[in-house]
Asks: 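Take a look at the following structure, please.
Throughout, protein chains are lettered first and strands after them, A, B, ... in sequence-line order, and every chain is numbered starting at 1.
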Amino acid sequence: MELLKRQETWNITYTHALGETASWFYVQLRDHGKLYGKRDAKSGRVLVPPRAFSDQTLEPTTDWVEVGPGGRIETFTIVYEEFNGLPPPPYAFGYVKLDHADTAIGGFFRGVDLSNQEVAAEQLKIGTRVMTKVAEKRIGDVLDFWFEPSTD
Amino acid sequence: MTYLVKTGVIGAAIMPHVTGLKQSLEEVLYDVTQRALRDAGLTIEDIDGIVTGGNDQYDGRAISVMAASGSVGGVDRDILSTPSSGEHAFVMGTLRVASGHFKTQLIVAWSPTEASSLAEVQRLAADPYFHRRLPQDEMGAHAMQANVLLAQMPGLMETAQKVSAKNRSNGQSAYPGIAADGEMGSRYPLKAGMASAATTGAVALVLASEDFVAEHKIANVAWISGMGWATDAAFIGDRDLSQSPALVAAAEQAYGAAGITDALASFDVAELADATPFQELLAYEALGLAKRGDWKDSVESGVFSKSGKLPVNLSGGAQSLNPVYCSGLIRIAEVALQVLGRAGAHQLENVRTGLAHAASGDAMMYNTVVVMRRGEQGVSP
């Protein structure tokens, strides 16, 4: 028998509140091109991305600490599947522990030729030093910054 | 943890690869429920509570229990739902019987592939503040976990490929003709043959209390003698991806309840989470089956192969059939069926004890461990 399919597309827009902590982080990034973490006083750890509280100690975080711009690649992947709202793949992204931070923040890697996977993977090798770069025009978003392997 | 009432699995049904357009999601859920009830020798009238595990984004339908309740018998019957993972439905159902409040439970989880992109669906699980903009889905996180292990352990790729080959070979025997050999979208450093394409699937189990088993003279029971579950941090940048503290904690809880001290010597069969072979390797260590320094030798000498000391993933695992959202609950159902002696083509002889590990989320964030035994040894009172 003839079997039918029904295709549905829903386009719902959500407007999420970032809260004071993420707002302050993104305002600094947007207006000054700098990244900050927030310290969990109980453990002493500087959390990046910043959070209002530590999910380890459940204590409110206290002081802001400027982190980076240098850092070290903790892990990465190269993705060959297209994602909505991003330029065509491949994408190189991963997690970088910025200087003075105790946790790693996710971001894109640039300045790496992704056409040769082996060469790209060598350039992004775990442990590689990277430098944070920020866009000329910033809107206060994850895409305002990215990481490039350090040349020095 | 103390369980008040001894609880066991008395029936299960696995539909790991539903294809075609002959059944709507609700019809699949009806089908898998009826199969599990038949396997248990019960009807829905014998069931006094239901726990379902469903993911709204996968289903394309909000509040998954609304799609399920009519199909699984939830009309005018106690039914609860969890979105965190299919295996958590099992945990909740077991606790409901073990608490003495229920005599039976039906557990159902499902995983359709009707969304245009499972990667985008999973991306919706990321927080919208710091991670949503990244092209990060579960397999991307799994790949980054693999990368950390590979950086620490030269030569591990070869061992991982052998784990994949083992599971895919098991899958061809267990589910001939349907075990997938397709590939999930590529993510470095995963290689071809290390992550199977998502399938549509569903799974259901029937649980019963010791009293119910006695009253209905049910001879064959996979008693749940230990169970543990734990969760790692949600931000993967907070984690050391080379370790799985949540799985270690879950194993301690399950082994403690079941009185397991030497894990490798304690089980006849195991089903472990293997969305990538690196996860199965990590599970060997966290579950006390093989330390990482022994992974290569254990895999190469066949400790976890079909005829080895502890066959792991005789079903082929998620490497062979991966209905992503219910792959974890399927690991538990596969072990239950092995202990019940009804696993089908891949049934091992004389299975008395089994170990199931279910993982879900980014890079094995959620971990659940279940120990099952045939015979009289049940949960510790």
Asks: Do you know which two heavy atoms are closest between A:V142 and B:F130, and how far apart they sit?
Replies: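 Answer, listing the atom of A:V142 first, then B:F130: CG2-O, 3.3 Å.
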Asks: How many angstroms lie between CD in A:Q56 and CG in B:D238, if you round to the nearest 0.5 Å?
Replies: 6.5 Å
Asks: Just wondering, more than 12 heavy atoms not from B:Y30 lying within 6.0 Å of its OH?
Replies: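 Check fails, neighbour count at 12 or below.
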Asks: Determine whether the aromatic ring centres of A:Y95 and B:F235 lie less than 6.0 Å apart.
Replies: no
Asks: Given the options A:F25, A:F93, A:Y14, A:Y91, which has more heavy-atom pairs under 4.5 Å with chain B than any of the others?
Replies: A:F93
Asks: Counting only non-hydrogen atoms closer than 4.5 Å, does B:R123 touch chain A with its backbone (N, CA, C, O), its side chain (CB onward), both, or neither?
Replies: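 For B:R123, the side chain is the part near chain A, not the backbone.
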Asks: Got more than 12 heavy atoms from elsewhere within 6.0 Å of NZ, B:K162?
Replies: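 Counting neighbours around NZ of B:K162, more than 12 heavy atoms of other residues, nucleotides or ligands fall under 6.0 Å, so yes.
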Asks: With a 3.5 Å distance limit and no angle check, can you tell me whether A:T75 reaches the backbone of B:M144 through a side-chain donor-acceptor pair?
Replies: yes
Asks: Can you tell me how far apart CG (B:L149) and CD1 (A:I126) are? Round to the nearest 0.5 Å.
Replies: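 Spacing of CG (B:L149) from CD1 (A:I126) equals 9.0 Å.
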Asks: Non-hydrogen atoms of chain A under 4.5 Å away: do they reach the side chain of B:A119, the backbone, both or neither?
Replies: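 For B:A119, the contact with chain A is made by backbone and side chain together.
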Asks: Return the option, out of A:D55, A:L143, A:I105, with the maximum number of heavy-atom pairs under 4.5 Å with chain B.
Replies: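 So the answer, after comparing A:D55, A:L143, A:I105, is A:L143.
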Asks: Could you measure the distance from the CG atom of A:N84 to the CZ atom of B:R133? Nearest 0.5 Å is fine.
Replies: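 Between atom CG of A:N84 and atom CZ of B:R133 there are 11.5 Å.
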Asks: Please classify the contact between A:Y26 and chain B as side chain, backbone, both or neither, with a heavy-atom cut-off of under 4.5 Å.
Replies: side chain
Asks: Please classify the contact of A:A101 with chain B as side chain, backbone, both or neither, using a heavy-atom distance under 4.5 Å.
Replies: neither
Asks: Chain B: which of A:T103, A:T77, A:T9 shares the most heavy-atom pairs with it under 4.5 Å?
Replies: A:T77
Asks: Non-hydrogen atoms of chain A under 4.5 Å away: do they reach the side chain of B:Q136, the backbone, both or neither?
Replies: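 Contact with chain A: backbone and side chain both.
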Asks: Which region of A:V79, side chain (C-beta onward) or backbone (N, CA, C, O), has a non-hydrogen atom less than 4.5 Å from a non-hydrogen atom of chain B, or is it both or neither?
Replies: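 Interface part for A:V79: both.
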Asks: Take a 6.0 Å sphere around CD of A:E59 and say whether it holds more than 12 heavy atoms from other residues, nucleotides or ligands.
Replies: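 Atom CD in A:E59 is crowded, with more than 12 foreign heavy atoms closer than 6.0 Å.
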Asks: Looking at CG of B:D137 and CD of A:E81, how far apart are the two atoms once the value is rounded to the nearest 0.5 Å?
Replies: 6.5 Å
Asks: Would you confirm whether the ring centroid of B:Y188 sits within less than 6.0 angstrom of the ring centroid of A:F76?
Replies: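 Centroid separation for A:F76 and B:Y188: below 6.0 Å.
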Asks: So for B:L241, is it side chain, backbone, both, or neither that comes closer than 4.5 Å to the heavy atoms of chain A?
Replies: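 Looking at B:L241, just its side chain touches chain A.
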Asks: For a quick test of reading the model, state the closest non-hydrogen atom pair linking B:P135 to A:L86 and the distance between them.
Replies: CB-CD1, 3.8 Å
Asks: Just checking heavy atoms, which of residues 16-24 of chain B are less than 4.5 Å from chain A?
Replies: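 At a heavy-atom separation under 4.5 Å, chain A is reached by B:L21, B:K22.
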Asks: Less than 4.5 Å to any heavy atom of chain B: does that hold for the side chain of A:K125, its backbone, both, or neither?
Replies: neither
Asks: Nearest 0.5 Å, please: how far is CD in A:E8 from CZ in B:R61?
Replies: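 Those atoms lie 10.5 Å apart.
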Asks: Highest number of heavy-atom pairs under 4.5 Å with chain A: which of B:L134, B:L190, B:V148, B:I236?
Replies: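 Answer, by heavy-atom pair count under 4.5 Å with chain A: B:L134.
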Asks: When you look at B:S117 and A:E82, which way does the side chain to side chain contact (heavy atoms under 4.5 Å, CB included) test go after all the steps?
Replies: CA-CA 10 Å; B:S117 161; A:E82 183 151 10; over 6 Å; no
Asks: Between OH of B:Y129 and CG of A:D141, what distance do you get to the nearest 0.5 Å?
Replies: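 Here the rounded value is 14.0 Å.
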